[in-house]
2 protein chains.
Amino acid sequence: MAHPESDQTPAHWRRRTEAALRDAGLRCTFPRHAILDWIAAAAAPFTAEQVVAALETQHGTSSRATIYRLLDWLQAAGWLTRLYSDGTQHTYARFWPGHHHIAVCLRCGSATIMSECHIEEGIRPALAALDFELQGHVLELYGVCGNCRTHSN
Amino acid sequence: MAHPESDQTPAHWRRRTEAALRDAGLRCTFPRHAILDWIAAAAAPFTAEQVVAALETQHGTSSRATIYRLLDWLQAAGWLTRLYSDGTQHTYARFWPGHHHIAVCLRCGSATIMSECHIEEGIRPALAALDFELQGHVLELYGVCGNCRTHSN
DNA sequence: TGATTGATTGATACTAAATCTCAATACTTT
DNA sequence: AAAGTATTGAGATTTAGTATCAATCAATCA
Ligand SMILES: [Zn+2]
Ligand SMILES: [Zn+2]
Ligand SMILES: [Zn+2]
Ligand SMILES: [Zn+2]
């Protein structure tokens with residue numbers, strides 16, 4: 001497996017995204033460091049404007065344009081995923097390139113990446129009945145994480 | 001089953017949403033009629049601004065505010081669903097109250113509602129390993145519908 | 001080292017989506 | 001008819017996100 005779940009810690013994400021930037025021929029500048037640091041430290045999914053607000057207090061880090069640019073790049077490269085959202089702004093969560101799903105805790109907001117996927121097997125009969133040729137899917141899971149259940153219930 | 005798929009035609013959706021408005025104590029005004037008519041006739045998912053653009057040519061139907069208000073109500077009541085979208089604006093598809101999924105054709109854009117759902121069974125072992133208590137999920141399917149495959153390929 | 005080159009930044013202007021406001025209007029009930 | 005309530009819509013406003021472009025920075029080369 002390319003990215004065993006045990007390795008998918010925020011710290012590892014932080015190192016891997018920096019390496020990915022370099023591999024893509026992009027520079028690891030000070031503004032980009034600050035953004036990656038903030039994302040790696042985020043306890044829950046976040047919006048671009050949250051990053052803007054968090055970093056604008058730290059004088060001289062990253063402008064709105066730089067933040068939006070890097071978020072777009074990270075998303076396109078698979079290091080962030082945009083969550084399904086009722087709201088008007090995009091919500092991002094740390095991610096890993098490839099096919100994964102996210103389990104979001106409704107209590108603490110933490111997002112866990114799940115690499116296993118058996119969705120298409122289960123839904124195959126229904127799709128066959130519709131004569132629909134499946135090419136991809138989006139799946140997000142909502143519930144309560146073990147940590148929240150043991151600590152506050 | 002509350003809404004057998006065979007009954008989920010646009011015409012039926014049109015009648016049922018009008019009844020739902022009445023049941024909720026809301027009035028079936030002329031502007032709302034025009035919006036429901038347009039949505040019932042839509043061949044594919046659409047944005048609020050598409051409705052605005054389509055109806056503003058018909059002089060004297062529905063203002064932007066009325067359109068946004070009704071779309072919000074229909075979505076909250078389960079008669080529209082917002083699709084996962086990379087873009088900036090929400091994309092809506094006709095829906096039915098309850099738990100369903102959408103299969104969107106990447107070629108013609110048509111959206112088919114699927115009432116069957118065996119997602120949670122398949123993913124249960126992986127979630128148990130994470131000690132995650134599942135409460136809900138969002139699943140959208142992408143592919144090519146039978147109609148598109150037979151007619152243009 | 002200093003020059004060259006091209007990537008990167010960020011202030012600012014801009015666009016477009018979505019919401020808000022509130023007086024005017026249209027129903028419904030008594 | 002009068003009173004009371006729901007609805008509308010024009011326009012102002014907010015806000016997310018994009019575009020611009022001169023100034024700056026960093027990597028490589030002479
Ligand atoms: Zn939690
Ligand atoms: Zn999957
Ligand atoms: Zn199709
Ligand atoms: Zn389901």
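Both backbone and side-chain heavy atoms feed into the values below; hydrogens, waters and symmetry mates do not. All values reported here derive from a predicted model rather than from experimental measurement. In the text below, chain A, chain B and the rest are named by the order of the sequence lines, each starting its count at 1.
- Within the 4.5 Å cutoff, the side chain of Arg94(A) has no heavy atoms near those of the Thr17(A) side chain.
- Listed nucleotides: dT18(D), dT8(D), dA16(D). Nearest to the side chain of Gln89(A): dA16(D).
- At the phosphate of dT19(C), neither OP1 nor OP2 sits under 4.0 Å from any side-chain N or O atom of Tyr68(B).
- When the P atom of dG10(C) is taken as reference, atom CD1 of Ile67(A) falls 9 Å away, rounded to whole Å.
- Residue Tyr92(A) contributes atom OH, which lies 13 Å from atom P of dA16(D) at whole-angstrom precision.
- Put simply, His90(A) has a side-chain N or O that comes within less than 4.0 Å of OP1 or OP2 on dG17(D).
- OP1 and OP2 of dT7(D) both lie 4.0 Å or more from every side-chain N or O belonging to Thr29(B).
- Between Arg27(A) atom CZ and dT9(C) atom C1' the separation is 11 Å, expressed in whole Å.
- Atom pair Arg69(A):CZ and dG17(D):P shows a separation of 15 Å (rounding to whole Å applied).
- Remark: Glu120(A) does not engage Arg124(A) in a salt bridge, criterion side-chain N to carboxylate O under 4.0 Å.
- When the side-chain nitrogen and oxygen atoms of Ser63(A) are compared with OP1 and OP2 of dT9(C), none of them lie within a distance under 4.0 Å.
- When the side-chain nitrogen and oxygen atoms of Arg32(A) are compared with OP1 and OP2 of dT9(C), one or more of them lie within a distance under 4.0 Å.
- Counting to the nearest Å, the C1' atom of dT8(D) and the NE2 atom of His33(B) are 15 Å from each other.
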